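Here the structure is laid out as C-alpha cells; the discussion comes afterwards.
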Amino acid sequence: MLQELSVTRGIIETFSRELLDYTQVDVAVVGAGPSGLVAGYLLAKKGKKVAIFERKLAPGGGIWGGGMLFNKVVVQKDAKHILDEFEINYTPYGNDYLIADAVELASTLISKAVKAGVKIFNGIHVEDVVIKNGKVNGVVINWTPVEMVHLHVDPLVVEANFVLDGTGHDAAVVKLVAKRTDCCRVKGMGAMWVNEAEKLVVEKSGEIYPGLFIMGMSTAEVYGLPRMGPIFGGMFLSGEKVAKEILSR
Ligand code: 48F
C-alpha cells in the first residue's frame, strides 16, 4: 500500500544526501542558462563534479522565449558542433545561420547536462562567494523564496575549486566579488551589434579573478560589450571556452 510517509521520507532523504554530497565540488556553476549548461555538461562529461545553482524553478535561462516570444533561436554555423554534440535539430537559414527550436534547445541542454552528471539545484540563489587568500573558493547559497521575501535566514556554503558566473544580465557573482575586492567593475552591456557582440563575448570569457570565470551575457555586462539578441552561438562557445580552460588546469 502506498504511504504518505514514504513519499515524504523518500524526498527528504534523497535530496539531503545529494545536497550533502555536493557541498564540495570541483566546479560550481551559477545560472542554468545556455552558457552554464554547456560548460557544466562539458566539464561533467570529463569526470568533474559539477553543481549548477539556478535561482528560478526552471533551468534554461533566456532560451525558452526565443526572440520576442517567437520560440526559435538562431545559431551561427561556427557553433554547429555544439548542436551536433547535444543532438539538437536545426533548419539551415541562408548560408550562415541555423534555426533551432527554443523548447527543444532548452530541454535538451538541461537533459543532457543532467545525464552527463551535472547536478542542478533549482530554486537556490547564490547570494555571496567565499574568498580566501585572494581566490574564490565557493558560493554562499540560500533558497530563492528566502531571498525574495527578505527573510532573515542565514545561508549555507558550497566549497568549489572553480566558480563560473553564468548569471546572464545579472553578472551576479562578479558584482559580489567587485563589492569585496578591487577587481571586476561591471560596465553594463552596450547597444545591439550582433557580429561584434558574438565575437567579443567568446574572446573575453575566461578567468576574471582567481577561481572565478565569466561566460555568456555576464561577460558582455562586465566588459560593456554590445548585446546580440536571440543568437546563441556566442553563449555556447563561451561556455565551451571556459570549460576547456578549467580542464586544462
Ligand atoms: O540569462 P541566461 O540565459 O544566461 P546566459 O547563459 O545566456 C543569455 C541568453 O539567454 C540570452 C542572450 C542570447 O544571446 O542574450 O539572454 O548568459 O541565464 C542566466 C541564469 O542565471 C540565473 C537566472 O535565473 C538565469 O536562469 N541566475 C541569475 N542570478 C542568479 C542566478 C543567482 N544569484 N543565483 C542563481 N542563479
Side-chain angles (χ1 to χ4, degrees), residues 28-42 51-69 71-76 78-79 82 97 100 102 105-106 109-110 113 120-129 138-148 155-156 158 160 163-177 179 186 189-202 204-205 212-223 225-243:
V29 182
V30 187
S35 63
L37 289 166
V38 167
Y41 165 89
L42 293 171
I52 300 185
F53 297 98
E54 168 52 57
R55 72 186 302 279
K56 295 194 178 146
L57 276 183
I63 299 173
W64 298 100
M68 213 185 94
L69 284 181
N71 67 355
K72 302 288 168 207
V73 303
V74 175
V75 177
Q76 59 272 49
D78 293 351
I82 301 286
Y97 309 102
L105 177 62
L109 290 182
I110 296 163
I120 300 181
F121 291 96
N122 57 341
I124 292 187
H125 173 82
V126 169
E127 65 165 55
D128 211 338
V129 284
V139 289
V140 178
I141 58 170
N142 215 328
W143 302 113
T144 303
V146 167
E147 179 254 337
M148 284 170 79
L156 294 173
V158 169
V163 173
L164 276 49
D165 187 335
T167 64
H169 295 290
D170 294 353
V173 188
V174 179
K175 282 180 183 161
L176 290 165
V177 172
K179 230 164 74 175
V186 177
M189 84 181 166
M192 181 87 78
W193 185 2
V194 174
N195 194 62
E196 199 67 359
E198 285 292 283
K199 181 170 61 98
L200 288 175
V201 80
V202 183
K204 295 278 195 182
S205 288
L212 173 64
F213 289 70
I214 54 172
M215 58 198 177
M217 282 315 288
S218 177
T219 303
E221 291 285 351
V222 170
Y223 291 111
L225 308 180
R227 65 190 301 174
M228 73 288 288
I231 179 162
F232 279 71
M235 302 299 107
F236 302 161
L237 297 177
S238 63
E240 178 185 49
K241 182 184 178 194
V242 163

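These numbers come from a predicted model, not from an experiment. Order of listing sets the numbers, starting from 1, for every ligand and every atom in it.
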Closest non-hydrogen protein atom to [atom], residue and atom name please, with distance?
atom: atom 14 (O) of ligand 1; result: Ile231 O, 2.9 Å
atom: atom 30 (C) of ligand 1; result: Arg55 CD, 3.5 Å
atom: atom 4 (O) of ligand 1; result: Gly168 CA, 3.6 Å
atom: atom 34 (N) of ligand 1; result: Val126 N, 3.0 Å
atom: atom 11 (C) of ligand 1; result: Phe232 CZ, 4.2 Å
atom: atom 21 (O) of ligand 1; result: Gly31 CA, 3.2 Å
atom: atom 19 (C) of ligand 1; result: Gly166 O, 3.3 Å
atom: atom 13 (C) of ligand 1; result: Gly229 O, 3.4 Å

Strictly distance-based, threshold 3.5 Å: is any side-chain N or O of [X] a donor or acceptor partner for the main-chain N or O of [Y]?
X: Thr144; Y: Gly123; answer: yes
X: Thr167; Y: Ala172; answer: yes
X: Asp128; Y: Val140; answer: no

May I ask you to check if ligand 1 and [X] share an N or O to N or O distance below 3.5 Å?
X: Gly62; answer: yes
X: Gly60; answer: no
X: Glu54; answer: yes
X: Ser35; answer: yes

Side chain, backbone, both or neither: which part of [X] has a heavy atom under 4.0 Å from ligand 1?
X: Ala172; value: side chain
X: Asp170; value: side chain
X: Met217; value: both

Under 4.0 angstrom from ligand 1, any heavy atom of Ile124? yes

Does the residue Pro34 have a heavy-atom contact with ligand 1, meaning some pair of atoms that are separated by less than 4.0 Å? yes

Would Val186 and Lys175 satisfy side-chain contact (heavy atoms from CB on, under 4.5 Å), going step by step from the backbone distance to the final call? CA-CA 7 Å; Val186 177; Lys175 282 180 183 161; 3.7 Å; yes

Lys204 and its side chain to side chain contact (heavy atoms under 4.5 Å, CB included) partner, picked from Val222, Thr219, Ile214: Thr219

Using the side-chain contact (heavy atoms from CB on, under 4.5 Å) rule, take Met217 and Met189 through it: C-alpha gap first, then chi angles, then the decisive distance, then the call. CA-CA 8 Å; Met217 282 315 288; Met189 84 181 166; 3.5 Å; yes

Start with the C-alpha gap between His125 and Asn142, add the side-chain angles, then the distance that decides, and say whether side-chain contact (heavy atoms from CB on, under 4.5 Å) holds. CA-CA 5 Å; His125 173 82; Asn142 215 328; 5.5 Å; no

